Amino acid sequence: MNHPRVSHRRLFRRVHILPSLITLGNFACGFLSIALCLNALFFSTRAVTLEEKNNASAISMPGDEIIQYEDKATRNAMAILSVRGNQARAGSLFHWACVIIFLGMLFDMLDGKVARHMGADSAFGTELDSLADVTTFGIAPAIIVNTISLAVMPVTYAWWSQVIIFGVIFAVCAVLRLARYNIQSGTADKNIFSGLPSPAAAGCVVSAVLLSEGDYGFVEAICTWLAGTPFFGVTTVQVKARILSVFMLLPGLLMVSTVPFTHVTNRYLSGKKSFTILVLLVLLLAVMWQEPRLVLFIAFNGYMVLGLATAARRWWGGEKRGIHSALLEDDEADDIDPTDGIPKHGV
């Protein structure tokens with residue numbers, strides 16, 4: 001009676017250290033991203049509080065006391081510097097919360113490669129990888145968008161607003177997508193994903209956040225044009241937060257879809273490839289060094305749009321072929337005499 005328990009215990013104790021450590025690095029990136037978001041929200045809230053205190057003291061300041069005026073003006077100037085310092089620190093923490101998600105993608109890519117190279121594939125590693133992916137690519141991007149929205153929206157902004165709802169949908173879709181992937185991993189095509197992979201979905205959202213933080217004229221022009229509308233808000237930062245919350249829906253729903261997406265690592269980076277691919281990768285890295293925000297946004301969202309376009313083209317072509325085949329069958333049926341089964345126009 002004790003043999004199954006002993007064998008199960010021995011099986012649990014025998015884990016592969018290096019792939020597990022790399023997977024835990026992926027999980028640590030997700031946790032750190034969430035922690036950085038919470039710290040950024042703290043500094044953003046403190047900046048708002050200091051600004052409100054500064055405005056209140058400026059209003060209550062008497063105009064006939066010159067010495068007190070000078071002292072309060074100095075304190076107000078220091079308070080303004082403190083407000084700007086807290087805002088800058090909050091922005092920096094939000095930035096690093098996004099960057100660390102891409103570091104988690106690197107860990108996620110390496111753990112599978114190392115496990116296969118060492119012959120260390122196991123059910124334990126698969127489950128651990130899924131838990132890490134849920135944290136880093138499912139929960140952390142939703143929290144990034146949520147905390148950014150809380151930092152820029154007014155105090156009267158309802159907690160049950162669409163940013164919370166869309167964030168929950170994104171995280172739930174990531175959980176469902178990874179659960180389905182675990183079931184299909186043994187039989188699925190190694191070069192094709194069924195649905196948008198969770199790292200790519202997180203990359204779409206996080207790269208959009210980084211793009212919104214950058215100094216791009218076309219982004220500011222679009223947000224300024226949308227500002228003042230009843231849905232998006234009255235400032236450009238509020239417009240950006242609303243767009244990001246709505247944008248989460250598309251990659252979230254694509255994760256649980258059956259739209260085929262190419263496995264870029266297995267198809268283009270594994271094994272021996274042509275020299276042209278190496279040159280293109282070097283050029284891509286060089287451009288990314290100059291404009292990392294824009295290149296990451298184009299790469300991840302271009303991957304998503306390309307998968308949708310390929311699926312639509314296949315669906316449209318299959319539908320047209322189906323209609324054409326049906327028309328041919330109808331024509332052949334019309335050419336047959338129902339009385340004797342012989343074609344009307346001869347053989």
Side-chain angles (χ1 to χ4, degrees), residues 19 21-40 90-114 129-148 167 170-171 174 177-178 193 196-216 219 240 244 247-248 250-252 254-255 261-266 268-269 280-307:
L21 286 176
I22 296 175
T23 304
L24 290 175
N26 179 16
F27 171 79
C29 288
F31 175 81
L32 288 175
S33 178
I34 296 172
L36 289 174
C37 286
L38 297 179
N39 292 337
S92 177
L93 290 173
F94 277 129
H95 175 79
W96 283 107
C98 295
V99 171
I100 205 169
I101 297 294
F102 295 104
L103 181 60
M105 294 180 190
L106 181 62
F107 282 118
D108 183 61
M109 182 178 64
L110 288 177
D111 62 357
K113 296 291 183 183
V114 172
D129 183 70
S130 296
L131 292 174
D133 287 352
V134 166
T135 304
T136 307
F137 308 131
I139 299 175
I143 289 182
I144 289 174
V145 177
N146 181 38
T147 50
I148 288 176
F170 183 87
R177 191 265 180 293
L178 290 166
F193 287 112
L196 185 66
S198 57
C204 291
V205 175
V206 175
S207 63
V209 174
L210 290 175
L211 185 71
S212 67
E213 291 180 351
D215 188 15
Y216 295 100
V219 175
K240 292 176 182 178
L244 289 173
F247 177 72
M248 279 193 299
L250 181 58
L254 283 176
M255 280 192 287
F261 287 89
T262 303
H263 196 307
V264 177
T265 304
N266 288 349
Y268 298 107
L269 302 181
L280 291 176
L281 287 176
V282 172
L283 292 176
L284 179 62
L285 292 175
V287 176
M288 185 180 296
W289 184 264
Q290 297 296 323
E291 289 291 342
R293 301 172 188 264
L294 188 60
V295 172
L296 287 173
F297 179 80
I298 294 175
F300 282 98
N301 289 275
Y303 174 75
M304 179 178 64
V305 172
L306 183 62

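Everything numeric here is computed off the predicted structure, so don't read it as measured data.
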Taking all heavy atoms of [X] and all of [Y], pick out the closest pair and write down the distance.
X: Leu210; Y: Arg293; value: O-NH1, 2.8 Å
X: Phe170; Y: Met255; value: O-CE, 3.6 Å
X: Leu178; Y: Ser198; value: CD2-OG, 3.8 Å
X: Ala202; Y: Ile101; value: CB-CG2, 4.4 Å
X: Pro251; Y: Val205; value: CG-CG2, 3.9 Å
X: Pro197; Y: Arg177; value: CA-NE, 3.5 Å

How long is the span from the [atom1] atom in [X] to the [atom2] atom in [Y], to the nearest 0.5 Å?
X: Asp108; Y: Lys113; atom1: CG; atom2: NZ; answer: 11.5 Å
X: Leu296; Y: Glu291; atom1: CG; atom2: CD; answer: 11.0 Å
X: Ser33; Y: Ile100; atom1: OG; atom2: CD1; answer: 6.5 Å
X: Leu244; Y: Asn146; atom1: CG; atom2: CG; answer: 12.0 Å
X: Lys240; Y: Phe247; atom1: NZ; atom2: CZ; answer: 15.5 Å
X: Ser92; Y: Asn39; atom1: OG; atom2: CG; answer: 11.5 Å

Passing option when Phe102 is tested against Phe107, Phe300, Trp96 for ring-ring contact (aromatic ring centres under 6.0 Å, His included) = Phe300
Answer yes or no: is there a donor N or O on one side and an acceptor on the other, between the side chain of Thr23 and the main chain of Pro19, under 3.5 Å?
-> yes
Is there a donor-acceptor pair closer than 3.5 Å between any side-chain N or O of Tyr303 and the backbone N or O of Leu196?
-> no
Steps toward side-chain contact (heavy atoms from CB on, under 4.5 Å) verdict (Ile148, Val209) | CA-CA 9 Å; Ile148 288 176; Val209 174; 3.5 Å; yes
Could you tabulate the donor-acceptor pairs under 3.5 Å formed by side-chain atoms of residues 137-145, not counting sequence neighbours?
none

Qualifying residue, where the test is side-chain contact (heavy atoms from CB on, under 4.5 Å) with Asn26 and the options are Leu110, Leu106, Leu103, Asp133 |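 Output: one option passes, namely Asp133.
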List the steps, then state whether side-chain contact (heavy atoms from CB on, under 4.5 Å) holds for Leu211 with Leu294.
-> CA-CA 6 Å; Leu211 185 71; Leu294 188 60; 3.9 Å; yes
